[in-house]
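Just so you know, these numbers come straight off a predicted model, no measurement behind them.
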Amino acid sequence: MKKHWLFKSEPETYGINHLQQNCTTWWSGVRNYQARNFMRDDMSIGDIVFFYHSNIKTPGIAGIARVSKMAEADLTQFDPKSEYYDPKATKDEPRWFCVEVAFVEKFKNFYSLEKIKNNPHLQKMRILQKGNRLSITPISKKEYQTIVQASGKTL
DNA sequence: GCCAACGTTGGC
DNA sequence: GCCAACGTTGGC
């Protein structure tokens, strides 16, 4: 059963344009247990990912990716030079995992946070809840359809 | 740049 | 196992 997700990223660090150029990327650097568990335990190949741009003037959903490989150990945790290095992680017992995602499309109409806030069907989304900082959150099928329809794509 | 909210750490 | 201190996130 295909699931739907929202991934946050700062576009200056890694935006949807980077993914478009690279075609695929391992979603490394997530250092939050809840987000890790979503990737490691709940995601399957083919799951739909909304690519959300955060920490900019107009935040919002820029487009769609999909999960292209199941979670594996995040290699940056083993690299002392990486900002994501985790000295407590070992290759036998990795702490951090990430899936690979593949570019699908950019929305014709960027779906801004403001639009999300103004859409009565999207009020339950995790990113609207006060204080929520989780960088990976599940999206319901209805929310998925609402956003896809409103952003210039035909199903 | 501010700051509220949150997750993690580490001393006890 | 508690909880104060700290660092980070991310909208504004």
Donor-acceptor list for residues 15-28 of chain A side chains, cut-off 3.5 Å, not counting sequence neighbours:
from    : atom 1 : to       : atom 2 : distance (Å)
A:Asn17 : OD1    : A:Lys106 : NZ     : 2.7
A:His18 : ND1    : A:Gly15  : N      : 2.8
A:Asn22 : OD1    : A:Tyr14  : OH     : 2.8

Next on the checklist: Quick check on contacts: within residues 72-93 of chain A, what sits under 4.0 Å from DNA chain C by heavy-atom distance?
Outcome noted: none
Item to check | Where at least one partner belongs to residues 69-89 of chain A, residue pairs that pass ring pair (Phe, Tyr, Trp, His ring centres under 6.0 Å), sequence neighbours excluded | outcome: none
Checklist entry - Counting distance only, does the side-chain N/O of A:Lys8 pair as donor-acceptor with the main-chain N or O of A:Leu134 below 3.5 Å? => result yes
Item to check | Least distance between heavy atoms, A:Gln77 atom then A:Arg31 atom | outcome: N-NH2, 3.5 Å
Next on the checklist: Using modelled atom types and a 3.5 Å cut-off, is there a donor and acceptor pairing between side-chain atoms of A:Lys3 and backbone atoms of A:Asp42?
Outcome noted: yes
Checklist outcome for this item: Between its two end axes (five pairs each) the helix from B:dG1-C:dC12 to B:dC12-C:dG1 turns, nearest 10 degrees, through 10°
Checklist entry - 5'-most contact on DNA chain B: A:Lys130 or A:Tyr33, nearest heavy atom basis? => result A:Lys130
Checklist entry - Between the main-chain N or O of A:Arg126 and the side-chain N or O of A:Asn132, is there a donor-acceptor pair closer than 3.5 Å? => result yes
Scan the side chains in residues 57-72 of chain A for donor-acceptor partners under 3.5 Å anywhere in the protein, sequence neighbours excluded, and list what turns up.
from    : atom 1 : to       : atom 2 : distance (Å)
A:Ser68 : OG     : A:Glu100 : O      : 3.1
A:Ser68 : OG     : A:Glu100 : OE1    : 2.6

Item to check | Spacing of OH belonging to A:Tyr52 relative to CZ belonging to A:Phe7, to within rounding of 0.5 Å | outcome: 15.5 Å
Next on the checklist: Check whether A:Phe97 forms a cation-pi arrangement with A:Arg40 (NZ or CZ under 6.0 Å from the six-membered ring centre, at most 45° off the ring normal).
Outcome noted: yes
Item to check | Salt bridge flag under 4.0 Å for residues A:Asp41 and A:Arg36 | outcome: no
Next on the checklist: Each nucleotide in nucleotides 2-12 of chain C should get exactly one letter: B, S or -. Can you fill that in based on protein heavy atoms under 4.0 Å?
Outcome noted: -----BBBBBS
